[in-house]
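Below is one structure; the comments refer to it alone.
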Amino acid sequence: MSGETPRGDTSAAAEEPDERDLLQRAAAAGIHRLAIPTPFQVGRVNAYLIEDTPLTLIDSGPNSGKALDELEQALRVHGHGIEDIELLIVSHQHIDHIGLASIVARRSGAEVAALDLLAPYLSRFREQADLDDQFAQEIMLRHGIPGEVVTALRAVSASFRAWGAAVDVSRPLADGETIALANRTLRVLHRPGHSPSDTVFLDESRGILLAADHLIKHISSNPLLARPLGAAEEPPAQRPRALLDYIASLKLTREMELSLVLSGHGEPISDHVALIDERFRMHRRRAERIHGLIASQPRSAHEIAIELWGNVAVTQAFLTLSEVLGHVDLLLEEGRVAEREGAGGDEVVRFEAV
Ligand SMILES: [Zn+2]
């Protein structure tokens, strides 16, 4: 476990069908993966073209000329242009998924569909992203990340802002409703955890789940600390519990009968139950490791992150803080740790074993 970074969890998948077979299976169902470049560590983001009526695109890539160019090329391979898109579906609020949405919508006149709770966020993206940064800043300081690191990270986040863009949602989606296409229905399912707005789309007759970042084969989907959707400008009274939400969402997905899961990054998944079970085991191991650190002495979340990941806990302070607090939330829920404010003579929260 030592030196393992939050993004470093690989899945053991020995005898599964290979990527090409699975993509062909999706293509036979009229669903094509378009892998669009991003400037982020995660690498390419997957948009999906559904050849049906309306012609549908799920996600679109970040707001950049390079991403737009590659999106156009990828659509052309299938005989379409951006102007042909009739329905654009947004899976969740992260900029690598939403950045091009407004350009695609403007050039095509497509309807833009997203979870109803997400619509106000998308239409006021810049203001909402600023509130996200403010929220992140407060929570980082509260959990022991030094002020200069917090300031630096806020600047990094602001510099990423232009990769996102606001988009107006013309078709708000309710959790559980269906979107009818000529040759399929897509069931809309809210699965918060990785972000508060994660929405997955089930092609019901084929058992194909378009899962975006809810489930990714080669990395565990970081349950990032985030402001609850629709929250007022004041910070929420209680810390959002992203990992607990995420585990509850994964349990729902685990119960589904699926032939294929198409993710927001990387390869398709043919055995979602095995992958989800592996994620559950990983979260359990990480929670126990963190419990061991807290049992040896009271620590702040940032101190725990440094023990686990060294300098990565500084360069990726928010990501690693999200990981630690998520697992601490599991331990709090089990009554095995307690949260103490100001025990170190400062405002920083420390955790101790019960
Ligand atoms: Zn995401």
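Computed from a predicted structure; not experimentally measured. Atoms within a ligand are numbered from 1 in the order they appear, just like the ligands themselves.
Using bins of under 30°, 30° to 60° and over 60° for the plane-to-plane angle, the ring pair His327/His283 lands in the tilted bin.
Residue pairs meeting the ring-ring contact (aromatic ring centres under 6.0 Å, His included) criterion with at least one partner in residues 41-82, sequence neighbours excluded, are His32-His78.
Ion pair Glu255/Lys251 not flagged as a salt bridge, since none of the NZ, NE, NH1 or NH2 atoms sits closer than 4.0 Å to an Asp/Glu carboxylate oxygen. A salt bridge does not link Arg187 with Asp203: none of the charged nitrogens is closer than 4.0 Å to a carboxylate oxygen.
The closest side-chain heavy-atom distance from Ser197 to Tyr121 is not below 4.5 Å.
The number of protein N/O/S atoms found under 2.8 Å from the Zn ion (ligand 1) is 4.
The two residues Glu339 and His143 come nearest to each other via the heavy atoms OE2-CE1, 4.5 Å.
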